[in-house]
Each structure stands twice: as structure tokens, then as C-alpha cells.
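The structure under discussion appears below in the form of C-alpha cells.
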Amino acid sequence: QVQLVESGGGLVQAGDSLRLSCAASARTFSNYVMGWFRQAPGKEREFVAAISRSASSTNYADSVKGRFTISRDNAKNTVYLQMNSLKPEDTAVYYCAAGGTITTIGRYGYDYWGQGTQVTVSS
């Protein structure tokens, strides 16, 4: 069982940056591929980014490529999402997830989920 707790969300203006963090409870954190998803009101939960167990590989949705960076610190059991050049369309609840593979973009491919953190980008 893995418990995930996201933090770092907030209200920012277009063009600003935010860094989300996700702390995991599992001592086997390094065994899991970690991902970030987001869900805007009235929309499906969509893939944002994923990072491999050793952080050697990453995968991004086209909509965030070049603006967002996923990273992890296995010593701290934490995964991060650095979000730069934020746009109003990035507004959503952002979820951290564990499990899956580096190429898994469907939500049902992940086993564990956090409660989410709200990111709101004003224009």
C-alpha cells in the first residue's frame, strides 16, 4: 500500500511558475514509476507526465512538453512537477499516482493515487 500526499498548488497568473510535490509513504518508493495527472471541471482525468524508477526516463503529454518538468528524489520519497509558463488551460486538480509504466498514459494503469491539489491559473 502506498499513500501519496500532494502539495504546492495555488492561484497564480498566466506566465507564472509553480512546483508541485508528492510525498509517498512507501519505503519501496523507488520501485514505482510515478506519474502526474490532472482533471479540469467537466473533463476526464488526463496524463501529464511520468518518471521511471531511477529517473532515467521521463514522458510528457504534448500539451506540457517544454514547460513542465517531472523529477524525483528517491531518498526523500518525493516526486515533483515543476510547472513553468503556466496557462489558464492548465487550471485543474493535479494528482500524483504510483504504479504503471513510463508509457502508461491511462489513469487505470496506475495503482495508487493522492487526493489532489488545485492549480488555478488566471489570465
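Here the structure is a predicted model, which is why all the values come from computation and not from measurement. Residues: numbered from 1 along the sequence shown.
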Nearest 0.5 Å, what's the [atom1]-[atom2] distance between [X] and [Y]?
| X | Y | atom1 | atom2 | answer |
| --- | --- | --- | --- | --- |
| D16 | S122 | CG | OG | 8.0 Å |
| S17 | F68 | OG | CZ | 9.5 Å |
| R38 | E89 | CZ | CD | 8.0 Å |
| T78 | F29 | OG1 | CZ | 6.5 Å |
| N31 | N74 | CG | CG | 9.0 Å |
| Q1 | S25 | CD | OG | 7.5 Å |

Taking [X] for the side chain and [Y] for the main chain, is one N or O donor matched with an acceptor at less than 3.5 Å?
| X | Y | result |
| --- | --- | --- |
| R53 | V33 | no |
| E6 | C96 | yes |
| S52 | S57 | yes |
| Y32 | D111 | no |
| T91 | V121 | yes |

Do you reckon [X] sits in the same ILVMFWY cluster as [Y], going by side-chain contacts under 4.5 Å, direct or chained?
| X | Y | value |
| --- | --- | --- |
| L86 | Y60 | yes |
| Y110 | Y80 | no |
| Y112 | I105 | no |

Answer yes or no: does atom [atom1] of [X] have more than 12 heavy-atom neighbours from other residues, nucleotides or ligands under 6.0 Å?
| X | atom1 | value |
| --- | --- | --- |
| Q118 | CD | yes |
| K43 | NZ | no |
| I102 | CD1 | yes |

Looking at side-chain heavy atoms only, is the closest gap between [X] and [Y] below 4.5 Å?
| X | Y | value |
| --- | --- | --- |
| D90 | V119 | no |
| L20 | W36 | yes |
| Y95 | R45 | yes |
| I51 | V79 | yes |
| I70 | Q82 | no |

Check for me whether the distance between the ring centres of F37 and W113 falls short of 6.0 Å.
yes
Please report the closest heavy-atom contact between L18 and G8, naming both atoms and the distance.
CD2-O, 3.6 Å
Tightest non-hydrogen contact, residues A92 and A40, listed as CB-N, 3.8 Å
